[in-house]
Protein chains: 2
Amino acid sequence: MTPSQNIKTFLETGPEYLPSVSVDCVIFGFHERQLKVLLLEFKHTKAFALPGGFVFKDESTDEAATRILWERTGVKDIYLEQFHTFGEQNRGNWDVHKATMSSHGFELETNHWLLQRFISIGYYALVNFSKVIPTPDIFSDMGGWHDIHQIPTLILDHNRIVEKALSTLRLMLDYKLVGFNLLSETFTMKELQSLYETILDKKLLRANFQRKMLSMEILERVEKKFSGKAHKPPYVYRIKKTA
Amino acid sequence: MTPSQNIKTFLETGPEYLPSVSVDCVIFGFHERQLKVLLLEFKHTKAFALPGGFVFKDESTDEAATRILWERTGVKDIYLEQFHTFGEQNRGNWDVHKATMSSHGFELETNHWLLQRFISIGYYALVNFSKVIPTPDIFSDMGGWHDIHQIPTLILDHNRIVEKALSTLRLMLDYKLVGFNLLSETFTMKELQSLYETILDKKLLRANFQRKMLSMEILERVEKKFSGKAHKPPYVYRIKKTA
DNA sequence: ATAAGTTTGTATCAAAATGATGCAATCGAC
DNA sequence: GTCGATTGCATCATTTTGATACAAACTTAT
């Protein structure tokens with residue numbers, strides 16, 4: 001199918017979606033000691049946006065978020081949490097979408113379903129950076145990771161959504177042990193600490209961090225050692241499977 | 001206007017609402033050492049429900065919640081917080097509403113807007129019990145307070161919504177100082193402790209509770225003393241106005 | 001007036017959690 | 001083997017929290 005055919009199909013699926021409701025996902029990844037967010041880019045308009053989409057009439061909003069996540073990353077079974085619903089009357093304008101459609105030869109009337117008011121249910125996801133294959137959607141030409149400290153201006157109220165997702169993630173970090181989802185299956189204590197330091201944006205004392213993590217008794221030592229570097233090799237951990 | 005005229009008007013306002021989106025409010029009050037929730041009662045069907053409603057196309061969801069709250073309690077300026085959005089495909093059936101409409105002589109077709117799928121944005125409110133005048137809506141005949149431990153079976157997924165609101169409130173209690181909203185303008189330390197004990201459902205040590213509350217430095221002693229009882233009079237507090 | 005009975009406000013001590021520092025152990029490079 | 005680097009953990013200091021005690025302030029009974 002050509003892009004234009006895809007778009008035609010999409011525009012025609014309007015009636016299959018639950019009206020007024022959209023889902024936006026803040027997908028967090030961790031790479032090279034940076035907390036990253038997956039953003040979509042619109043080449044024509046040079047605009048950025050969060051991965052998002054609409055809810056089919058026969059799926060739950062959670063299912064919609066899972067589906068959108070899968071479509072944009074190629075990964076299922078992702079840690080996902082709803083954090084807030086954004087329900088302002090005017091969350092920004094849809095010029096970018098209009099322009100994108102227009103560039104493909106589709107001129108949307110003002111009352112087109114795509115240009116109506118939508119509330120957006122925000123979900124944040126924690127993914128293993130290396131497993132993700134950023135995949136653009138119909139509107140976008142590119143998907144890519146952006147350092148949380150260098151998020152460009154996004155469409156609509158998406159910058160606010162990212163902010164809220166980040167503050168929720170920070171709160172969750174020491175309430176629920178959830179950070180692991182951003183690392184690979186196994187990891188060292190240093191990697192885990194580095195992750196926490198990046199998310200919380202502050203240094204932590206190594207000895208105390210280790211003591212705290214071990215005291216929760218959810219970590220399991222895997223291989224005894226790990227070689228390569230000129231120093232004492234660290235233990236490698238994984239999360240205990242709650243049997 | 002007669003009730004039936006009210007209902008007719010309401011049914012005709014369908015197009016003014018944002019489709020698929022509803023708001024439900026869990027209104028907490030505190031009275032006689034009990035945590036209460038305001039519920040509406042449908043006399044014909046003997047069903048109970050949370051106060052809720054729909055979102056006008058030109059108001060935000062927060063504004064809708066505030067409006068609904070005001071309509072059901074007569075109080076504006078209420079502490080209100082969004083806590084979760086419930087987006088399952090099948091949140092339960094609308095038989096009760098259908099029956100209520102029917103009892104007023106309105107037979108709704110299956111595809112009537114009121115019988116469509118709605119997602120519900122949950123808000124919880126903390127109100128001063130004594131200031132509230134429970135007021136029924138078009139569907140209900142009565143509004144009243146119910147002890148959190150004796151919530152009857154509610155329509156749709158409203159029982160789950162109450163549960164989630166309560167667990168969120170408990171989490172919030174020691175993260176954010178928010179309990180005051182359930183008391184009157186001024187209160188004693190004992191009243192505040194009693195409130196905390198009721199919400200958290202556990203006893204707290206008086207001395208330590210007092211120390212903790214005072215250490216946050218948001219309480220202000222008002223009147224020196226308080227008389228009537230045969231013992232040392234307690235201080236009366238109010239929240240410091242953050243100047 | 002005085003004593004008795006309560007409840008309040010706060011001090012004090014014990015225990016637990018957290019912050020900070022030090023040191024032995026283990027690896028590769030030389 | 002020695003050196004430099006990093007890990008794992010012990011240890012101590014500090015802070016927070018849990019538990020108990022006691023004096024102060026009020027009304028009622030005598």
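Just so it is clear, the values below take in all heavy atoms, side chains as well, and ignore hydrogens, waters and symmetry mates. Quick caveat: nothing in here was measured; it's all calculated off a predicted structure. Numbers restart at 1 for each chain; the letters A, B, ... are given by sequence-line order, proteins then strands.
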Please list every donor-acceptor pair under 3.5 Å in which a side-chain atom of residues 33-41 of chain B meets a protein atom from a residue at least two apart or in another chain.
{"unit_1": "B/Gln34", "atom_1": "OE1", "unit_2": "B/Lys36", "atom_2": "NZ", "d": "2.8"}
{"unit_1": "B/Gln34", "atom_1": "NE2", "unit_2": "B/Asp147", "atom_2": "OD2", "d": "2.6"}

Considering only [options], which nucleotide approaches the side chain of [X] most closely?
{"X": "A/Lys232", "options": "D/dT6, C/dT8, D/dA19", "value": "D/dT6"}
{"X": "A/Lys190", "options": "D/dT7, D/dG4, D/dG8", "value": "D/dT7"}
{"X": "B/Arg221", "options": "C/dT6, C/dT10, C/dC27", "value": "C/dT10"}

Sole candidate of B/Glu220, B/Glu191, B/Arg221 that passes side chain to side chain donor-acceptor pair (under 3.5 Å) when paired with B/Tyr237
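It is B/Arg221, the one option of B/Glu220, B/Glu191, B/Arg221 that forms the side chain to side chain donor-acceptor pair (under 3.5 Å) with B/Tyr237.
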[X] [atom1] to [N] [atom2]: how many Å, rounded?
{"X": "B/Asp174", "N": "D/dT16", "atom1": "CG", "atom2": "C1'", "value": "14 Å"}
{"X": "B/Glu191", "N": "C/dG9", "atom1": "CD", "atom2": "P", "value": "12 Å"}
{"X": "A/Leu205", "N": "C/dA17", "atom1": "CG", "atom2": "C1'", "value": "15 Å"}
{"X": "A/Leu204", "N": "C/dT21", "atom1": "CG", "atom2": "C1'", "value": "17 Å"}
{"X": "B/His231", "N": "C/dA4", "atom1": "NE2", "atom2": "C1'", "value": "15 Å"}
{"X": "A/Gln193", "N": "D/dT7", "atom1": "CD", "atom2": "C1'", "value": "12 Å"}

Tell me if a side-chain donor or acceptor on A/Arg170 pairs with a main-chain N or O of A/Ile199 at a distance below 3.5 Å.
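Side chain of A/Arg170 to backbone of A/Ile199: a pair is present.
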Mapping A/Ala230 and A/Tyr237 onto DNA chain D by nearest heavy atom, which one lands closer to the 5' end?
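Final value for this comparison: A/Ala230.
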Distance-only criterion, 3.5 Å: show the donor-acceptor pairs between side-chain atoms of residues 205-216 of chain B and protein atoms not counting sequence neighbours.
{"unit_1": "B/Asn208", "atom_1": "OD1", "unit_2": "B/Arg211", "atom_2": "NH2", "d": "3.3"}
{"unit_1": "B/Ser215", "atom_1": "OG", "unit_2": "B/Lys212", "atom_2": "O", "d": "2.7"}

Using a 4.0 Å cut-off on heavy atoms, which residues in residues 196-203 of chain A reach DNA chain C? List them by number, or say none.
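Correct list: empty, so none.
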Under the side chain to side chain contact (heavy atoms under 4.5 Å, CB included) rule, collect the residues that match up with B/Glu81, sequence neighbours excluded.
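Scan of B/Glu81 (side chain to side chain contact (heavy atoms under 4.5 Å, CB included), adjacent residues dropped) gives B/Tyr79, B/Tyr124, B/Met172, B/Lys176.
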Sequence neighbours left out, what passes side chain to side chain contact (heavy atoms under 4.5 Å, CB included) with A/Asn93? Give chain and number order.
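Listed in chain order: A/Asp95.
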Please list, chain by chain and in numerical order, all residues satisfying ring pair (Phe, Tyr, Trp, His ring centres under 6.0 Å) with A/Phe139, sequence neighbours excluded.
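Result, ring pair (Phe, Tyr, Trp, His ring centres under 6.0 Å) vs A/Phe139: A/Phe10, A/His97.
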So, using salt bridge (charged side-chain N to carboxylate O under 4.0 Å, His left out) as the criterion, who are the partners of B/Lys76 when residues are at least two apart?
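Testing B/Lys76 for salt bridge (charged side-chain N to carboxylate O under 4.0 Å, His left out), a comparison that skips the adjacent residues, returns none.
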Could you list the donor-acceptor pairs under 3.5 angstrom formed by side chains in residues 125-136 of chain B, with sequence neighbours left out?
{"unit_1": "B/Asn128", "atom_1": "OD1", "unit_2": "B/Ser130", "atom_2": "N", "d": "3.2"}
{"unit_1": "B/Asn128", "atom_1": "OD1", "unit_2": "B/Ser130", "atom_2": "OG", "d": "2.9"}
{"unit_1": "B/Thr135", "atom_1": "OG1", "unit_2": "B/Ile133", "atom_2": "O", "d": "2.8"}

Within residues 206-215 of chain A, find the residues that approach DNA chain D with a heavy atom at under 4.0 Å, and present them sorted by residue number.
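Heavy-atom contacts with DNA chain D come from A/Arg206, A/Ala207, A/Gln210, A/Arg211, A/Leu214.
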